Number of protein chains: 2
Amino acid sequence: MSQDGVGVDLETSLGYLLKEASSTLRAAMEEVLRPLGLSVTRYACLELLAQRPGLSNSELARGAFVTRQSMNVLLQALEREGYVTRPAEAPVGKVLPTRLTPRGRRSLEKATVAVRSVEVRMLAGMTETEQSDAFRILRRMIHSLRDGNDGS
Amino acid sequence: MSQDGVGVDLETSLGYLLKEASSTLRAAMEEVLRPLGLSVTRYACLELLAQRPGLSNSELARGAFVTRQSMNVLLQALEREGYVTRPAEAPVGKVLPTRLTPRGRRSLEKATVAVRSVEVRMLAGMTETEQSDAFRILRRMIHSLRDGNDGS
DNA sequence: TGACTCATGTCAGCATTCTGACATAGGTTG
DNA sequence: CAACCTATGTCAGAATGCTGACATGAGTCA
């Protein structure tokens, strides 16, 4: 049907499928996080802070795949709502290390349960081998896109 | 490091990796599309119309993974700029079939070249087997998330 | 036919994320 | 030391996408 060399066939495009998968996952996560008053990005931020306390705004931004400006407004909101704390002045340089408050930790615990259920559902239809294949392949795609090795 | 049962370990989370891959791909596409005055969503819309002329607003929205409201404003912009046309009145029902203009088609051609280069780069580091594995696995993930088969 | 349900197009308001810009801290190099 | 480069935090404005809401057209069913 009219794909005579013109155009990227979306039905067979891995990029398109990747976008679909990511979009579907995001929707599933938003759905279970919404009742908890969290968005996916907010959850990602809290989870990052739980695993590596003291991360800076810019580090959190890179970890959540948004700009540091976006993470900044997000952090200001989280701080205002009492989920995280940042020192008023930087202990060294300009970097403000961020930490979870007890309230942030409690909220994250509930969110983690919800998110884990989504991840379990996603993995349910896959064998162990497929899961490790998925890891390897996705990592390779990321690496190729970043370092621009086009095989030349 | 501090993941004693609490939290989803982001380093080993397939969902996180999927988000990273999708984010990296999107950035790479935005980069090559920007000089052409197109965003990823606009490009997706044009590509869909090239492959299936006459798609409606809602169908385009589903194909580009945005709401029909978002696609509506996008289509209005594309129409204003002369990339697509829609009849003033619906030939049947409320559905307005959209079509590319010659200008839209020309713009899409350049965009397709750019996007294809990104896709090629992404696939460069993968064998044929890995590519078909990636397809199968991503499709399975999408299906599991949508139909909610949690293995119970 | 009339009531009901569903999908669609569209408007309005809000939330989120982005780009652009600036000042500042730290490291590097002449 | 001074010039330079990079990274960071932050503000402002614009672009983008979402939810809520409404009216309308088409199909279904009693």
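Quick caveat, the model's predicted, so the values are computed rather than measured. First the proteins, then the strands, lettered A, B, ... as listed; each starts at 1.
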- Item | Separation of atom CD in A:E59 from atom P in D:dT8, rounded to whole Å | 7 Å
- Item | Atom pair distance, as rounded to whole Å: CD in B:E31 and P in C:dC18 | 15 Å
- Query: Listed by chain and number, what are the side-chain contact (heavy atoms from CB on, under 4.5 Å) partners of A:Q69, not counting sequence neighbours?
  - Reply: A:T67
- Item | Test salt bridge (charged side-chain N to carboxylate O under 4.0 Å, His left out) applied to B:E20 and A:R146, A:R62, A:R139, the passing residue | A:R146
- Is any NZ, NE, NH1 or NH2 atom of the basic residue among B:E81 and B:R103 found under 4.0 Å from an Asp or Glu carboxylate oxygen of the other? no
- Query: Pick the nucleotide of DNA chain C nearest each of B:P97 and A:G93; which residue has the one closer to the 5' end?
  - Reply: B:P97
- Through what angle, rounded to 10 degrees, does the axis of the helix from C:dT1-D:dA30 to C:dG30-D:dC1 turn between its ends, using five pairs per end? 30°
- Query: Ion pair present between A:E30 and A:R26, side-chain N to carboxylate O less than 4.0 angstrom?
  - Reply: yes
- Note on the structure: A:L60 CG to D:dA7 P, in whole Å, measures 18 Å
- Under 3.5 Å, side chain of B:T98 to main-chain N/O of B:S56, donor-acceptor pair present? no
- Message: Tell me whether A:E130 contacts the main-chain N or O of B:I137 through its side chain, where contact means a donor paired with an acceptor under 3.5 Å.
- Response: no
- Nearest heavy-atom approach of A:A134 to A:M126 is CB-CE, 4.2 Å
- Query: B:K19 NZ to C:dT17 C1': how many Å, rounded?
  - Reply: 12 Å
- Message: Measure NZ/A:K94 against C1'/D:dT8 and give the value in whole Å, please.
- Response: 5 Å
- Note on the structure: Smallest heavy-atom separation, B:K19 atom then A:A64 atom, equals NZ-O, 3.7 Å
- For A:L38 and C:dA15, what is the distance between atoms CG and P respectively, to the nearest whole Å? 16 Å
- Message: Strictly under 4.0 angstrom, non-hydrogen atoms only: write out the protein contact profile of nucleotides 10-22 of chain D, one letter per nucleotide from the 5' end, B, S or -.
- Response: BB-----SBBBB-
